[in-house]
*Asks:* 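Sharing a structure with you now.
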Amino acid sequence: MNSQHTRWSAAVTLTGWLATLCALAMSSMVGAANTSTADHSKFKELQQTFQSGPDVTKACLTCHTEAASQIHKTKHWTWEFLNPENNQRLGKKNVMNNFCISISQNYAFCTSCHTGYGWKDKNFDFSSENNVDCLVCHDRTGNYRKLPGLAGHPAYKEMEFPPGSGKIIKPVDLAKVAQKVGKTSRDTCGACHFNGGGGDGVKHGDMDSSLASPEKELDVHMDSVGLDFTCSTCHKTSSHDVPGSRYTPTAMDKEQAHIRGKADNSNPATCQSCHGNQPHPVNLAKLDNHGNKLNEHTRKIACQTCHIPSFARGGVATKMSWDWSTAGKMGPDGKPMTKKDEKGHVIYDSRKGDFVMGENVVPEYFWFNGKVKYTLLGDKVSKSDIATPINRIDGSPTDGKSMIWPMKVMRGTQPFDPVNHTLVMPHTAGNDDIGYWKNYEWEKAIADGMKNMGAPFSGKVDFIKTEMYWPITHMVAPKEDALDCVSCHSNDSRLKNVQGIYMPGRSDNNKMLDMAGWTLALLTLLGVIIHGAGRIYMSNRKG
Amino acid sequence: MRTKLSIVVALAILGSTAYTTAQAYDGDWKRGRIYYRQVCTSCHVAKTEKAISPTTKTKAEWAAYLQADKHAKGKDSVKQYISQQYRASIKASNKAAEKFADVPDQELLEDIKAFVTKGAKDGDSPASCS
């Protein structure tokens, strides 16, 4: 009896311990995925029902006391940037592009990508700390969406969106999002940067939603089951200020790779900041000089030129041209219409005009030294067959600062004032009786946008060809997919339009120089043959 | 002896409570997204040339589908394709299966559930399969 009881007791004890150990093991596994030192759901400040985004910010700032003032100093907040090279006042608040053109009088729509709440007109309070939006960058639920037209706010109540679509958007659970905040991710940065120009992949060409969870072939660094870089791995941020700029890009980085602990103020988002300037391995023991030859190329060729063979590679098309002059045509029923290509891409929209979309696009290549000059509101332009550069890139083979860079060139036809000879900022978005997308009257739309900027407008509208340059730097392919030699060193190669250099293999080279080179090579070969033959002959004579 | 029995019972209760806590695992939708796209979708595309987007079902339909655990109209189970055993069998050729080889089956199932629920037709962020 005692023996039976002892066995039963031991079995129960063992079962109890096993259950406990099993549970603890599972708990530890669950916890293992989370490396943060703070569980925000445990903070009392966040255990409440929030009525609005600014309410959440107020709670965040009770602990993160300096965060808002740091944000206030960044381009993400000011949308303004003074280019120290040429004193041009840039930033989204001031520049135009050849996509949706500008933010003037379109604030409530464009500012769905502002790191703030409430920027609905030019009177926005940039000094308000509570208007900083913490969640748009730190959301980890993936459910926080700032809707176009709400001036940077998400939906706080159930609403039809887009208006008239019949599609109902549910309000965001602010407490749930606030309690799950964490580091920025490809999803949070991508919420805006993948959707520049008004849609997925539209603007950049090398940034779209396919980078949210990419495979190695699309981006060797962001590969979600490999290195799994987030944007901030390269754009290493300090005091909320994200390095990397399209207004003053680093075209040539002569610095060596950054070393931990060593003060270095150079741009951390360049290839060289990790890989240095001699990145290709050299194996002289195997008489392999290939790496040396490639390293010689790094003096004049940007890494991106060889390592990003094409952009828009992830299955998302990018806009390659936009013709505003054809906007306004209605369908047979007299209502606005859209047309799609065989792949389902919209290629005509009554509100916007004609588009050309592109996937797997081979970049165009230019000498680029990092200097960019914008055509701003008020700058004189003239209509001709030559496109007006919205941003003029500078560079040459001889300035010692330029490299050959891959670019997306966005070509457009956009409205301008033929009397004042200036580009214009039309009011397009909005459900009002002025915006072009509702009323299809350019004069009215442009007059409103220009008045808001305090800029003159003659009342006349014409259309002008423009182009805009976008350096390609994301979607870095695995080394196996980098360009081979003949991609550039051949006739009709992808570098055929790059001037000012002697490139072996290209037919537009100086014929005399080519002939001299071939003659030298031939003479060398002849010399080797004659020398060899002479030694064989002498050797036979002695024998 | 009673004291010993009480301790055993207490430990068992503690164990089961902790187990329940562990069961309340909050699915990682990002990990679910990777597995869904790189294992589920890539296989579907290879074998049927057709991907199944999370938006093809509502949240309730996804919950019912995963609960029923019937894959390919009941020919086999969904869980089978999420199991560690399956991941081990394809990890040589599938990076996602390799990366998540040791994730407990139930956790990975919750991850995938979190992704398809979020990306469902009536989900918080309707998602495509690629």
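Residue numbers begin at 1 in each chain, while the letters A, B, ... track the order of the sequences.
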*Asks:* Please check if the number of heavy atoms outside A/Lys176 that lie under 6.0 Å from its NZ is greater than 12.
*Replies:*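 At most 12 heavy atoms, drawn from other residues, nucleotides or ligands, come within 6.0 Å of this atom.
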*Asks:* Less than 4.5 Å to any heavy atom of chain B: does that hold for the side chain of A/Pro214, its backbone, both, or neither?
*Replies:* backbone
*Asks:* Run the numbers on B/Gln38 and A/Val225 for side chain to side chain contact (heavy atoms under 4.5 Å, CB included), then give the verdict.
*Replies:* CA-CA 9 Å; B/Gln38 297 197 21; A/Val225 292; 3.7 Å; yes
*Asks:* With distance as the sole test, does B/Lys95 use its side chain to make a donor-acceptor pair with the main-chain N or O of A/Lys216 at under 3.5 Å?
*Replies:*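 No, because the side chain of B/Lys95 does not come within donor-acceptor range (under 3.5 Å) of the backbone of A/Lys216.
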*Asks:* With a 4.5 angstrom heavy-atom cut-off, could you sort out which part of A/Lys167 is near chain B: side chain, backbone, both or neither?
*Replies:* neither
*Asks:* I need the A/Ser224 OG to B/Arg31 CZ distance, nearest 0.5 Å.
*Replies:* 13.0 Å
*Asks:* Is there side-chain contact between A/Asp187 and B/Trp29, with heavy atoms separated by less than 4.5 Å?
*Replies:*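 SC-SC contact between A/Asp187 and B/Trp29 confirmed.
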*Asks:* For the side chain of B/Lys30 and the backbone of A/Ser213, is there at least one donor-acceptor N/O pair under 3.5 Å apart?
*Replies:* no
*Asks:* Using only atom types and a distance under 3.5 Å, with no angle test, would you say the side chain of B/Lys118 pairs donor to acceptor with the backbone of A/Asn143?
*Replies:* no
*Asks:* Considering residues, nucleotides and ligands other than B/Lys121, do more than 12 of their heavy atoms fall under 6.0 Å from its NZ?
*Replies:*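 Counting other residues, nucleotides and ligands, NZ of B/Lys121 exceeds 12 neighbours.
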*Asks:* What I'd like to find out is whether the side chain of B/Asp124 reaches to under 4.5 Å of the side chain of A/Lys170, using heavy atoms alone.
*Replies:* yes
*Asks:* Is the closest side-chain heavy-atom distance between B/Lys99 and A/Asp228 below 4.5 Å?
*Replies:* yes
